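Everything on this sheet refers to the single structure shown next.
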Amino acid sequence: MALNVVVCLKQIPNPDLQFQVSADGKDIRRDALTYKVNGADEYALEEAVRLREKHGGRVTAITAGPRRTEQMLREAMAKGADAAVRVAFEEPAAIDAFQIANILAASIRGRPHDLILTGVQSDDYGHSATGPLLAGFLKLPHASVVTRVQLEDRRARVWRELEGGTEEVVLIPMPALLTVQFGMNQPRYAPLPAIMKASRQPIEEVKSGDLGEPTWDAFRGPYVLSVRKVSHPAAKGRAEMIAGKIVDQAKTVARLLREKGVYRG
Amino acid sequence: MTGRDILAVAEHREGRVVGATYELVAKGRDLAAATGGSMRVALLGQGVRALAAEIAALGSEILVAEHEALATYTPGGYAQALAAIVSRSEPRVVLFSHTAQGFDLAPRLAAEWNAPVVANCVDLWLENGRLVASRKILNDKLAMELEVTSERPFLVTLRPGSVKPATPASTAGAVVPVSVTVDPANNGSVFVGYEKPQVQDIDISAADIVVSAGRGIQKRENLAMVEELARVLGGVVGASRPLTDMEWLPKTRQVGQSGKTVRPKVYIACGISGAMQHVAGMRDAGLIIAVNTDPSAPIFEVAHYGVVANVLEFVPALVRELKGG
């Protein structure tokens with residue numbers, strides 16, 4: 001069974017950074033950001049490559065984003081994706097998951113796909129919506145928060161992680177879409193020769209015109225969405241901060257633990 | 001035509017109502033008070049009359065759709081039943097919990113119903129027919145407020161723990177059976193069963209003192225210093241998700257939404273940023289002390305005391321203070 005896997009990747013601002021609010025108060029400042037591939041998507045890519053290694057077939061990595069995302073797609077090819085597609089959706093903030101999923105659906109529809117993998121959520125906006133939206137647009141069955149998958153003929157047995165550590169096992173007919181949970185596997189590092197090779201591989205570019213629409217606006221949902229403001233959370237309920245050098249901080253915390261009767265040494 | 005009513009989709013598993021459903025009812029009531037419409041709960045399942053009574057005790061009307069193809073959650077089964085329910089009277093807002101079930105279902109319905117979805121909200125309200133939602137972004141470091149205008153129903157998922165759960169009302173709501181047709185061939189997936197982790201480890205939820213390690217410890221061998229602190233305090237070692245994903249510690253040590261919920265007397269978070277997934281499992285600890293290099297880390301929003309420091313320097317210093325004091 002040759003398997004066609006499409007894996008959807010997103011490039012996000014490195015969430016370990018500290019962020020500043022933009023001058024208009026409606027976005028973060030983007031002039032000094034570094035970007036990386038979304039955490040859960042790394043596991044989705046790794047799973048796609050492992051499935052291809054086991055069952056044969058082809059992995060296509062796809063993203064909707066500005067030109068900077070080509071770097072991420074090259075990394076994906078270096079890690080084993082056979083082909084890469086950049087949907088030239090240039091909005092830097094890209095807040096509307098409905099629109100993005102609709103664009104991805106139109107871009108994937110004409111390509112062979114037995115399985116579509118996405119990350120369970122993006123660490124920038126945390127909607128956990130793109131995967132199930134995409135499945136809905138493509139009319140494919142889906143399962144989210146997947147920690148394990150076994151292919152059985154034309155169906156997949158998948159383990160979904162629920163709250164409290166319980167897992168749910170379901171059978172899902174293919175083609176299907178799965179959203180991949182963190183920790184599903186151990187993502188590999190790209191070997192140097194593969195990085196060199198990927199730097200020369202072509203990246204297919206899809207524009208709205210290629211999908212028969214003059215602009216990406218045609219993919220919006222029946223609503224108007226706007227950001228009112230982006231802000232640092234109100235300082236309510238904030239911790240009392242313990243200042244000083246490390247030694248002083250340690251003294252203060254030790255005293256605190258003694259005062260609270262936690263430590264009697 | 002979209003009306004003024006609010007519909008909250010209840011969640012249940014293995015014969016119990018999921019706690020977050022009570023929060024949905026509370027939020028749904030607030031919204032209905034603002035629209036002047038009715039607040040109803042939809043409960044889908046089979047043999048769920050006792051659960052229906054439990055939810056009805058909160059005071060809102062509950063629509064109960066029972067069908068053998070709804071015995072356990074599937075996206076397709078729930079989509080069929082909910083489509084039937086909303087076709088009778090289209091709600092203004094449909095509320096779901098932002099759980100492995102809620103965020104599996106709501107966005108799918110948004111695509112199928114051609115309706116806006118606003119996910120993982122910590123608060124929401126209506127202003128002149130617009131939906132205004134407050135969300136957290138970038139690992140909860142920033143807040144974002146957005147507004148959505150639409151003629152279509154707003155599908156919203158509410159982050160668990162964001163509002164106070166509803167408590168029983170003096171008058172119970174009506175339990176209204178609704179008949180729905182569900183074709184199991186369109187359920188999308190077939191439920192096989194639940195699997196629970198085999199516990200062969202200490203139970204961190206039973207400990208009075210939990211010292212948890214996160215990505216800030218950088219290397220596996222640095223776990224030793226966190227273990228040393230836990231040992232000196234007579235506590236146990238917990239972890240945030242990235243550490244158990246990397247298998248530095250067994251899954252049984254994971255604190256958070258997909259791991260254990262702990263309520264120890266003291267919780268010390270070492271190098272944990274405090275993403276919602278983690279905070280959901282420890283926010284009710286008696287005394288929370290957080291150590292992190294990043295002063296904007298959201299863990300400091302739930303901690304009682306905060307230390308901005310490198311854990312690899314702070315933890316050994318604290319151990320020295322405790323031993324030498």
Side-chain angles (χ1 to χ4, degrees), chain A residues 13 15 18-19 28 97-98 101 123-129 132-133 135-137 141-145 160-163 165-172 182-183 221-233 237-242 246-247 249-251 253-254 256 260 262-263 265, chain B residues 75-76 99-100 103-104 107-108 110-112 114 116-117 119-120 137-139 141-150 152 188-197 209 233 241 245 257-259 265-266 287 289-290 294 296 300-301 303-309 313-314 317-318 321-322 325:
Chain A
Q18 291 183 41
F19 297 97
I28 50 170
F98 185 111
D123 293 334
D124 54 352
Y125 297 135
H127 291 117
S128 294
L133 274 163
F137 288 128
H142 82 276
S144 46
V145 213
R160 296 183 61 220
E161 185 180 281
L162 308 178
E163 287 75 17
T166 299
E167 294 208 303
E168 181 190 66
V169 186
V170 299
L171 290 170
I172 185 164
F182 290 83
Y223 55 87
V224 178
L225 175 143
S226 59
V227 176
R228 279 189 172 181
K229 66 175 178 189
V230 169
S231 59
H232 287 279
R238 244 189 107 68
E240 184 178 320
M241 302 308 282
I242 295 168
I246 294 270
V247 179
Q249 290 172 314
K251 276 191 168 53
V253 172
L256 198 65
K260 303 275 178 188
V262 176
Y263 185 69
Chain B
T99 54
F103 66 68
D104 190 62
R108 171 148 205 133
E112 292 186 359
N114 194 32
V117 58
N120 208 356
I137 61 169
L138 292 156
N139 273 352
K141 287 182 179 178
L142 292 172
M144 173 183 271
E145 200 173 289
L146 43 84
E147 61 173 56
V148 189
T149 312
S150 183
R152 305 285 303 136
S189 52
V190 177
F191 174 80
V192 178
Y194 294 117
E195 288 186 3
K196 317 223 178 237
I209 298 171
L233 291 172
R241 172 155 203 144
D245 278 351
Q257 210 164 36
S258 52
K265 291 183 180 137
V266 181
L287 173 70
I289 301 172
D294 179 359
S296 70
F300 293 128
E301 297 296 320
H304 301 100
Y305 293 93
V307 178
V308 176
E313 295 169 20
F314 176 80
L318 178 58
E321 283 301 323
L322 292 169

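Computed from heavy atoms alone, side chains included, the values below leave out hydrogens, waters and symmetry copies. The structure displayed is predicted, hence computed values, not measured ones.
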Could you check if a side-chain atom of B/E321 sits within less than 4.5 angstrom of a side-chain atom of A/V247, using non-hydrogen atoms only?
-> yes
Do you know which of A/S231, A/A101, A/A97 has the most heavy-atom pairs with chain B at a distance under 4.5 angstrom?
-> A/S231
For residues A/A254 and B/L318, report the shortest heavy-atom separation together with the two atoms involved.
-> N-CD1, 3.7 Å
Taking only residues two or more places apart in sequence, or in another chain, which ones meet A/E161 in a side chain to side chain donor-acceptor pair (under 3.5 Å)?
-> A/Q181, B/R241, B/S258
Select, from B/E145, B/K141, B/Q257, B/E112, the one with the greatest count of heavy-atom pairs under 4.5 Å involving chain A.
-> B/E145
Which of the residues B/K196, B/H304, B/E313 is involved in the greatest number of heavy-atom pairs with chain A at under 4.5 angstrom?
-> B/H304
For B/A100 and A/E163, work out which heavy atoms get closest and say how close.
-> N-OE2, 2.8 Å
Close side-chain approach of A/K229 to B/M144, heavy-atom, < 4.5 Å = no
Counting heavy-atom pairs under 4.5 Å to chain A, which of B/I209, B/I289, B/V148, B/L138 comes out on top?
-> B/L138
Step by step, work out the side chain to side chain contact (heavy atoms under 4.5 Å, CB included) result for B/L142 and A/H232.
-> CA-CA 5 Å; B/L142 292 172; A/H232 287 279; 3.3 Å; yes
Count the heavy-atom pairs under 4.5 Å between each of B/N120, B/N114, B/L287, B/V308 and chain A, then report the option with the highest count.
-> B/N114
Specify the closest pair of heavy atoms between B/A110 and A/F98, including all atoms of both residues, with the distance to one decimal.
-> O-CE1, 3.7 Å
Atom CD in A/Q249, atom OH in B/Y305: separation rounded to 0.5 Å?
-> 14.5 Å
Hey, mind stepping through B/I137 and A/F19 against side chain to side chain contact (heavy atoms under 4.5 Å, CB included) and telling me if it holds?
-> CA-CA 11 Å; B/I137 61 169; A/F19 297 97; over 6 Å; no
Measure from the side-chain N and O atoms of A/H142 to the backbone N and O of B/G188, and report whether any donor-acceptor pair falls under 3.5 Å.
-> no
In terms of heavy-atom pairs under 4.5 Å, which option from A/A143, A/P13, A/G183, A/G221 contacts chain B the most?
-> A/G183
Can you name the closest pair of heavy atoms from A/A239 and B/G306 and give their distance?
-> CB-N, 3.7 Å
With sequence neighbours excluded, what pairs up with A/D123 under the salt bridge (Lys or Arg N to Asp or Glu O under 4.0 Å) test?
-> none
Minimal heavy-atom distance between B/P107 and A/S128, with the atoms involved, is CG-O, 4.0 Å
Out of B/L146, B/V266, B/V117, which one racks up the most heavy-atom pairs below 4.5 Å with chain A?
-> B/L146
Which region of B/K265, side chain (C-beta onward) or backbone (N, CA, C, O), has a non-hydrogen atom less than 4.5 Å from a non-hydrogen atom of chain A, or is it both or neither?
-> neither
Pairs of heavy atoms under 4.5 Å with chain B: top-ranked of A/V253, A/V227, A/I172, A/L171 = A/L171
Step by step, work out the side chain to side chain contact (heavy atoms under 4.5 Å, CB included) result for A/Y223 and B/R152.
-> CA-CA 8 Å; A/Y223 55 87; B/R152 305 285 303 136; over 6 Å; no
When only pairs under 4.5 Å are counted, which of B/G259, B/G193, B/A119, B/A309 shares the most heavy-atom pairs with chain A?
-> B/G193
Quick one: which of A/I242, A/V262, A/I28 has the most heavy-atom pairs under 4.5 Å with chain B, could you say?
-> A/I242
Quick one: which of A/V145, A/L225, A/L256 has the most heavy-atom pairs under 4.5 Å with chain B, could you say?
-> A/L256
In short, A/I246 meets B/A317 closest at the heavy-atom pair CG2-CB, 3.7 Å
Pick from A/P15, A/P222, A/A135: which one has the most heavy-atom pairs with chain B under 4.5 Å?
-> A/P222
